[in-house]
Amino acid sequence: MKLKERVVLHCDANNFYASVESAQNPKLKGLPVAVSGNPKKRTGIILAKNEIAKKFGVKTGEAIWQAKQKCPNLVCVSPNFKLYEAYSMKLRKIYSKYTDQIEPFGIDECWLDVTSSLRLFKSGEEIANEIRERVKNELNITVSVGISFCKLFAKLASDMKKPDAVTVLNRENFKQKIYPLPITAIIGIGKRLEERLHKLNIYTLGDLSQANSDILKKKIWNCWC
Ligand SMILES: [Mg+2]
């Protein structure tokens, strides 16, 4: 018997903290907004920013004064983690209408295995678009959804088009779409592993797919343990 191909969605809320603040406070609509530590003293760090602030070059991790140099009208608000937690639960409630196979990853990301839900829906894409619309209409924030046959690629796909978008990586298109990407596009490959792979002349996911697994094991895995 041929096993049924899995259909996995990865839903990632866009600019989560800043989007929740804007959703809660209509006065912030259309303004560049950042969530930051201690906005009054201007000494805090930018924790999150919305799309408008991003266009001005505001970056997560920089000091408020630096951000304001690039974006003088930037509105800084203190974080309200209880509120973000409540929105996280609201998101999961929407997801739970489509599957009970939900795996949260941090406060604003979830994997949804919708393989069994396809008896009720046409495709993973149909579910993803319904989720995208519902989140926008009911919560006033947006999500990017990646769809694939495994969790790793679903997560990668949700990063490929943002905000408020759906990206599909299937057996037919995944090589063409992901092989040109840098190895760090995939979850789990950070700075240190990237350097090691570069030493082996592996720069893209395409390079990684061609790499000899024995060499990888010897050069990467053995050094790791
Ligand atoms: Mg996110």
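All ligand and atom numbering here is 1-based and tracks the order in the structure. Position 1 is the first residue of the sequence; numbering continues from there. Keep in mind it's a predicted model, so treat the numbers as computed, not measured.
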Backbone or side-chain N/O/S of Asp108 under 2.8 Å of the Mg ion (ligand 1) | yes
Parallel, tilted or perpendicular: ring planes of Phe81 versus Tyr17, cut at 30 and 60 degrees | perpendicular
State whether Ala13 contributes an N/O/S atom found under 2.8 Å from the Mg ion (ligand 1).
-> yes
Taking 4.0 angstrom as the limit, do Glu130 and Lys97 come out as a salt bridge?
-> no
Tested for side-chain contact (heavy atoms from CB on, under 4.5 Å) against Asn15, the lone hit among Lys162, Glu21, Lys54 is Lys54
Per-pair distances, 0.1 Å, donor-acceptor, side chain in residues 85-96, under 3.5 Å, sequence neighbours excluded:
| from | atom 1 | to | atom 2 | distance (Å) |
| --- | --- | --- | --- | --- |
| Tyr87 | OH | Gln24 | NE2 | 3.0 |
| Ser88 | OG | Ile107 | O | 2.7 |
| Ser96 | OG | Lys93 | O | 2.6 |

Which atom of Asp12 approaches the Mg ion (ligand 1) most closely (N/O/S) = OD1
